[in-house]
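Protein chains get the first letters and strands the later ones, always in sequence-line order, with residue 1 at the start of each.
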There are 2 protein chains.
Amino acid sequence: MEKNITHETNNNLQTLVETNDFIRQLSIDCVIFGFHNKSLKVLMLKYFNLDIWALPGGFIFRDENVDDAAYRLLYERTHLDEIFLEQFYTFGNKNRTESDIHNRLTKNKEIDLPKDHWLFERHISIGYYALIDYTLSSTFPDAFSEKCEWFDVHNLPKEIAFDHREIIEKGMEFLRKNLDYKIYGSNLLPEKFTMKELQNLYECILGEPLRRNNFQRKMLSLDFLERLEKKFDGSANKAPYYYKFKK
Amino acid sequence: MEKNITHETNNNLQTLVETNDFIRQLSIDCVIFGFHNKSLKVLMLKYFNLDIWALPGGFIFRDENVDDAAYRLLYERTHLDEIFLEQFYTFGNKNRTESDIHNRLTKNKEIDLPKDHWLFERHISIGYYALIDYTLSSTFPDAFSEKCEWFDVHNLPKEIAFDHREIIEKGMEFLRKNLDYKIYGSNLLPEKFTMKELQNLYECILGEPLRRNNFQRKMLSLDFLERLEKKFDGSANKAPYYYKFKK
DNA sequence: GCAAAAGTGTTCTCTGTACACCCATGC
DNA sequence: GCATGGGTGTACAGAGAACACTTTTGC
């Protein structure tokens, strides 16, 4: 998805919470998937001075397309653009953000906000998911957090903010549908990859083993792979071909 | 979907626009599908004194679950509950509600609102779709509209408010996916129906003819139909069975 | 040559499709 | 009986699953 980045989030929390440019009670949360070492990973942020992890997300400027906002937030966390990014669901339970996390956080940062500050209001969140190349990514914390980390989707941190665990779950569910089309458009794998690596990716997402030979035939029949040179890595077996996605 | 109706929209426009109980800049639009005479229909509302039609929709109370709000809005337009209702997409282009419709409308109702009234703000809208039994439905206009009417999805009114045409389109697209599961949970058909009627419904939604005999086999194999007595309507041919959905 | 892993062939099953045939109904 | 439309049988094609076999690689 190619979008226009028309805005920029202020990375200083004090300044951020003082702005009045955001749509109230509405936010975006991004499930950013990466793939590494046979495991599917999700990028999460650790809140400043708290042992709580959250999805990268943020707010929408009053004069900004929602898709553009999602794209901007992804860019701010990864500095990547031209990335596969799709909206999948909007989370609107009234108590989903009932929590003192933001309160504790701002206190940790020694920022004093009135009880009725917009940050503490109930928020409805639009969920997006992105598929990016783990090996290319640097990651950048936002104004609320002290660091970013990748987590295996089957080994998420113990304490997760708000309903973000549910959002990840629903994002996974969504990802599994129409997987071929999404993998094809995605950036989960490096430019060149072997059939084995592609199979590992599928197995991770689907959560079940696939048969090597049938998988190969299936992928080739989808007609989106281009066969490249062989990969010689010194191992004592037949060298696999590299593949890349057709343009 | 069984939900709690915890709130009520005021049906008087003057009172409605004076309330401050809604989440700002956020709305819900419902694509309510019905089925009648071999055609798939969508419920639309005609704005008061304007030749503009819109989807039934409304706003979310600050202390109301979004799903409950959608359910409430459906109930207010149809007085039906226990209805198949699902969120499908959130529409967030910044200019989607740039229009003087609300302005003209309130003028028609002789309601004077300041230019910065919340009604005129940009709105992001969460799309839901419902599948209801046309034959059971009465319909009730809301505070903005003077009447409700069903439109064939292939013959929508000429002038449609905002991006509601696009919302209907996307709702249709969504409906076509996983159709079996949705039809099963739906209320599009009356309690008892013939295989022919079910086939007509499928053909309408998919937009293509299906083979009578293969369709019958497919439906029976899905194992969600219960065969009832035969339908004798006086026509000179073999009487079809009635079916109903299994519990 | 040998083990390991990649690539290809073959068979079987199941689903979906196209065609045919039989059955009930009211006149 | 006969036209009409509903219900079922069957044969064929394609996709997917399970199996076997061949090929390539470094030691």
Side-chain angles (χ1 to χ4, degrees), chain A residues 35 37-38 176-184 189-246, chain B residues 35 37-38 176-184 189-246:
Chain A
F35 182 62
N37 265 345
K38 299 193 188 178
R176 280 189 278 263
K177 290 182 198 159
N178 272 100
L179 190 51
D180 297 334
Y181 144 77
K182 284 167 188 165
I183 294 278
Y184 181 31
L189 292 169
E191 179 81 13
K192 298 194 304 183
F193 49 87
T194 64
M195 195 59 83
K196 185 83 182 171
E197 286 161 354
L198 184 60
Q199 183 179 342
N200 285 334
L201 174 57
Y202 267 81
E203 289 179 335
C204 265
I205 295 175
L206 296 176
E208 58 182 10
L210 301 170
R211 304 196 167 242
R212 181 179 61 83
N213 42 4
N214 293 335
F215 178 78
Q216 163 127 339
R217 231 186 315 261
K218 168 88 184 304
M219 285 302 111
L220 293 179
S221 78
L222 287 174
D223 199 38
F224 57 44
L225 290 180
E226 190 177 324
R227 184 175 275 182
L228 305 173
E229 77 282 3
K230 289 189 171 184
K231 173 192 180 188
F232 295 95
D233 62 354
S235 62
N237 51 44
K238 187 167 175 176
Y241 290 103
Y242 274 119
Y243 293 89
K244 69 172 189 179
F245 290 117
K246 288 187 183 172
Chain B
F35 181 63
N37 267 345
K38 298 191 189 179
R176 280 189 278 263
K177 289 180 200 162
N178 272 100
L179 189 51
D180 297 333
Y181 144 77
K182 284 165 188 166
I183 294 277
Y184 181 30
L189 292 169
E191 178 81 14
K192 296 195 303 182
F193 49 87
T194 64
M195 194 58 83
K196 185 85 185 170
E197 286 162 354
L198 184 59
Q199 184 180 342
N200 285 333
L201 174 56
Y202 267 81
E203 288 178 336
C204 265
I205 294 175
L206 296 175
E208 57 181 14
L210 301 171
R211 305 195 166 243
R212 181 180 61 83
N213 41 6
N214 294 335
F215 179 78
Q216 163 128 336
R217 230 185 316 260
K218 168 89 184 300
M219 285 302 112
L220 293 179
S221 78
L222 287 174
D223 198 38
F224 56 44
L225 291 180
E226 190 177 326
R227 185 174 277 183
L228 305 173
E229 76 281 2
K230 289 189 170 185
K231 174 192 181 188
F232 295 94
D233 62 354
S235 62
N237 52 43
K238 186 168 176 177
Y241 291 103
Y242 275 118
Y243 293 88
K244 69 171 189 178
F245 291 117
K246 287 187 183 173

ask   = Is the B:F35 to B:Y202 ring centre distance short of 6.0 Å?
value =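 No - the distance between ring centres of B:F35 and B:Y202 does not fall below the 6.0 Å cut-off.
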
task = Would you state whether a donor and an acceptor, one from the side chain of B:R212 and one from the base of D:dG7, lie under 3.5 Å apart?
result =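 Yes, the side chain and the base share a sub-3.5 Å donor-acceptor pair.
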
Give the rounded distance in Å between these two atoms: [atom1] of [X] and [atom2] of [N].
X: A:K218; N: C:dG7; atom1: NZ; atom2: C1'; answer: 19 Å
X: B:F215; N: D:dG7; atom1: CZ; atom2: C1'; answer: 14 Å
X: A:M219; N: C:dA6; atom1: CE; atom2: C1'; answer: 17 Å
X: A:L220; N: C:dT8; atom1: CG; atom2: P; answer: 7 Å
X: A:Q199; N: C:dA5; atom1: CD; atom2: P; answer: 13 Å
X: B:K196; N: C:dA24; atom1: NZ; atom2: P; answer: 20 Å
X: B:L222; N: C:dT15; atom1: CG; atom2: P; answer: 11 Å
X: B:E229; N: C:dA24; atom1: CD; atom2: P; answer: 18 Å

request  = Could you tell me whether A:S235 contacts a base, only the sugar-phosphate backbone, or nothing, with contacts defined as non-hydrogen atoms closer than 4.0 Å?
outcome  =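 Sugar-phosphate contact only.
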
ask   = Atom OH of B:Y181 and atom CG of B:L222: how far apart are they, to the nearest 0.5 Å?
value =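 These two atoms lie 14.5 Å from each other.
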
task = Side chain of B:N213 only, please: which of D:dG9, D:dG6, D:dG7 is the nearest?
result =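 It is D:dG9.
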
ask   = Nearest to the side chain of A:R217 - C:dC19, D:dA18, D:dT25?
value =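 Given the options C:dC19, D:dA18, D:dT25, the side chain of A:R217 is closest to D:dA18.
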
inquiry  = Closest-nucleotide mapping onto DNA chain D: is A:A236 or A:N214 further toward the 5' terminus? I mean the 5' end.
reply    =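 With A:A236 and A:N214 compared, the 5'-side residue is A:N214.
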
message = Nearest heavy atom decides the nucleotide; on that basis, is B:K238 or A:N237 closer to the 5' end of DNA chain D?
response =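 Nearer the 5' end of the strand: B:K238.
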
task = Give a yes or no on whether a salt bridge exists between B:E203 and B:K38, defined as a side-chain N under 4.0 angstrom from a carboxylate O.
result =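 A salt bridge is absent here (no side-chain N lies under 4.0 Å from a carboxylate O).
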
inquiry  = If we check side-chain contact (heavy atoms from CB on, under 4.5 Å) with B:F193, which of these qualifies: B:N200, B:L201, B:L198?
reply    =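 Result for side-chain contact (heavy atoms from CB on, under 4.5 Å) with B:F193: B:L198.
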
Qualifying residue for side-chain contact (heavy atoms from CB on, under 4.5 Å) with B:Y241, from B:R227, B:K231, B:K192, B:M195 =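 Going through B:R227, B:K231, B:K192, B:M195 one by one, the side-chain contact (heavy atoms from CB on, under 4.5 Å) with B:Y241 is satisfied by B:R227 alone.
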
For a quick test of reading the model: is some side-chain N or O of [X] closer than 4.0 Å to OP1 or OP2 of [N]?
X: A:Q216; N: C:dT8; answer: yes
X: B:K230; N: D:dG7; answer: no
X: A:R211; N: D:dA17; answer: no

